[in-house]
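Worth saying up front: this structure is predicted, and the values here are computed from it rather than measured. Convention: sequence-line order gives letters A, B, ...; per-chain numbering from 1.
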Protein chains: 2
Amino acid sequence: MLEGAMTTPRTGRPALARPDGTPLRVLVVDDDPDLAEVLSGALRYEGWQVRTAGDGAAAVTEARDLMPDAVVLDVMLPDTDGFGVLRSLHTVKPDVCVLFLTARDAVEDRIAGITAGGDDYVTKPFSLEEVVARLRGLLRRAGMARQLEEGPRLCVGDLVMDEEAREVTRSGELIELSPTEFELLRFLMRNPRRVLSKAQILDRVWSYDFGGQAHVVELYISYLRKKVDAGRYPMIHTVRGAGYVLKPVAR
Amino acid sequence: MLEGAMTTPRTGRPALARPDGTPLRVLVVDDDPDLAEVLSGALRYEGWQVRTAGDGAAAVTEARDLMPDAVVLDVMLPDTDGFGVLRSLHTVKPDVCVLFLTARDAVEDRIAGITAGGDDYVTKPFSLEEVVARLRGLLRRAGMARQLEEGPRLCVGDLVMDEEAREVTRSGELIELSPTEFELLRFLMRNPRRVLSKAQILDRVWSYDFGGQAHVVELYISYLRKKVDAGRYPMIHTVRGAGYVLKPVAR
DNA sequence: CAGGGTCCTCAGAGCCGTCTCAGAAGTTCC
DNA sequence: GGAACTTCTGAGACGGCTCTGAGGACCCTG
């Protein structure tokens, strides 16, 4: 397999790779096997090499073997608490990035100090886009992946998104977006020229426990159009019966 | 790796480096492994090369091996007291900078005697921002890191902070801040144009044992706005659902 | 041209995040 | 020992955000 030719299944973007050309490795640790499966599927799809573990002990064992670049770690594990695992992981691999998963209502188990290092966290229920984005952010800041080093800017035509500053501009004009609008646009911008079905969008942008209708996607596309395309040449297109595409104006 | 291209993971600022280009080295000595973990995570994030030790004997051994530029040293250790360790450290490396960690009720004059030599101290419980800032101050005064020699001024737009003098001005006008307000503003100013979540702010600006709600962050942002933005063009912005950003007025 | 399906948009209800005030408790400094 | 300051909690107000429901436009097909 040619190193330079490796691409992710979905996007055709170059696979995430470390400076030596091997794919980025991530360890997913969650005691809910369904959730672990969804997560690892999504990450594999993004070009990661994924392994999973169901508890803290297994996590450390797997980590020793895999030497992952990043770990997605549920704070509530059957055997150990997140902090202990974090310490063990740093012993195994001092420069590992950790993304914590934590329940929203678990205000008590403070995650004090966790974001103090480069690490980050996401509250359950989360959207896959959010997890993927945060993981990319971690890796970028750690300077780990070649492709991510360009910076946190996402560009499609004259539409520019700065993920760190959460700022979106079109031909220089600032566009204000709500959290959901922002996440939806990010998903579109990470998949330009690609038709995305409403189901796909729902799976990636909305949290996994969302019980609502696909109708919300139409609604939010409508919101986005008003803000992104307003008065300008349209970039968001409907493909009837299939979904939506984001395309730069000029080809 | 190109020497001039090295940057810290988080900020993109130049990595802390000694005159010969190698990263600055620090030894963290504390018998509480959680605290040592948090501290070393934060310092690694700032670009330091970090090692840890759990007691005085290990500290001296590690120091002999690492030859650190600075040591963060808990005064209360299981085997020796901090002062004995200090003597040993100075035998190993006479020009080492030491930042003491001490309980609030510790005897003041003994600390005063210690810090006479140019070293500094921080009382527990401390905030990570404070430790990092003090360590930077020590190194700067010792003339150890090239990048830090420019001086202790932090500028974002017309907002200027003199860390040493603890003085803040906006377009020349002096702004009086309480200790917490000052530290919060420093954190914002050290991360301009970057959205910082309330959890992130809490982890860095408040002490590690703070048990309260993220609500305090909102409160202090509100205080800061009244003093920093009052009547002027706002620099502190809320990003709903994400956190806060400090941005210079002009883009 | 009628009919069914798909999609768009508006209006509104409920919820959630944020801001601000007021006051209690703790601290520092004279 | 008192005054000023600082820090944090709680409560209420406000506004924005998210989603539901409904009406209507558009498109394709029979």
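Not a single donor-acceptor contact under 3.5 angstrom links the side-chain atoms of A/Tyr220 to the base of C/dC8. At a cut-off of 3.5 angstrom, the base of C/dC8 holds no donor-acceptor pair with the side chain of A/Tyr244. No hydrogens or angles were tested; on distance alone, nothing pairs the side chain of A/His215 with the base of C/dT6 as donor and acceptor under 3.5 Å.
Judged as a side-chain hydrogen bond (donor to acceptor under 3.5 Å, both in side chains), and not counting sequence neighbours, the contacts of A/Ser127 are A/Glu183. Judged as a side-chain contact (heavy atoms from CB on, under 4.5 Å), and not counting sequence neighbours, the contacts of B/Ala242 are A/Arg166, B/Val195, B/Val239.
With rounding to whole Å, A/Glu218 atom CD is found 5 Å from C/dC7 atom C1'. Between the C1' atom of D/dT6 and the CG atom of B/Leu224 lies a distance of 14 Å, rounded to the nearest Å. A/Lys226 has its NZ atom 14 Å from the C1' atom of D/dT18, to the nearest Å. Look at NZ on A/Lys227: it is 11 Å from P on D/dG16, rounded to the nearest Å. Between B/Glu176 atom CD and D/dT6 atom C1' there is a gap of 14 Å when expressed in whole angstrom units. Rounded to whole Å, atom P of C/dG17 lies 14 Å from atom CZ of A/Arg166. Between the CG atom of A/Leu202 and the P atom of D/dT20 there is a distance of 10 Å, given to the nearest Å. Note: NE2 (A/His237) to P (C/dC7) measures 16 Å, nearest angstrom.
Distance from the side chain of B/Arg240 is smallest to D/dC17 among D/dC17, C/dA11, C/dT9. Out of D/dC19, D/dT7, C/dC8, the shortest distance to the side chain of A/Arg225 is found at C/dC8. When the nucleotides D/dC17, D/dT7, C/dC7 are ranked by their closest atom to the side chain of A/Lys198, C/dC7 comes out on top.
Taking for each of B/Thr180 and A/Leu219 the nucleotide of DNA chain D with the nearest heavy atom, the 5'-most of the two is the partner of B/Thr180. Remark on DNA chain C: of its neighbouring residues A/Gly243 and A/Tyr223, the 5'-side contact belongs to A/Gly243, judged by nearest-heavy-atom nucleotide. For the pair B/Trp206 and A/Gly212, nearest-nucleotide mapping onto DNA chain D gives the more 5' position to B/Trp206. Each of A/Ala242 and B/Ser222 lies near DNA chain C, and the nucleotide nearest A/Ala242 is the one positioned closer to the 5' end.
Under 4.0 angstrom from either OP1 or OP2 of C/dC19 there lies at least one side-chain N or O belonging to B/Thr238. Within the 4.0 Å cut-off from OP1 or OP2 of D/dG16, not a single side-chain nitrogen or oxygen of A/Ser178 is found.
Listed here is the closest heavy atom pair of A/Pro125 and A/Tyr208: CA-OH, 3.5 Å.
Atom CD of B/Glu164 sits in a crowded spot, with more than 12 heavy atoms from other residues, nucleotides or ligands closer than 6.0 Å.
Remark: side-chain polar atoms of B/Asp203 are paired, donor with acceptor, to backbone N or O of A/Thr115 under 3.5 angstrom.
Residues B/Leu139 and B/Trp48 are in side-chain contact: their nearest non-hydrogen atoms beyond the backbone lie under 4.5 Å apart.
Within 4.0 Å (heavy atoms only), B/Phe182 reaches no atom of the nucleic acid at all.
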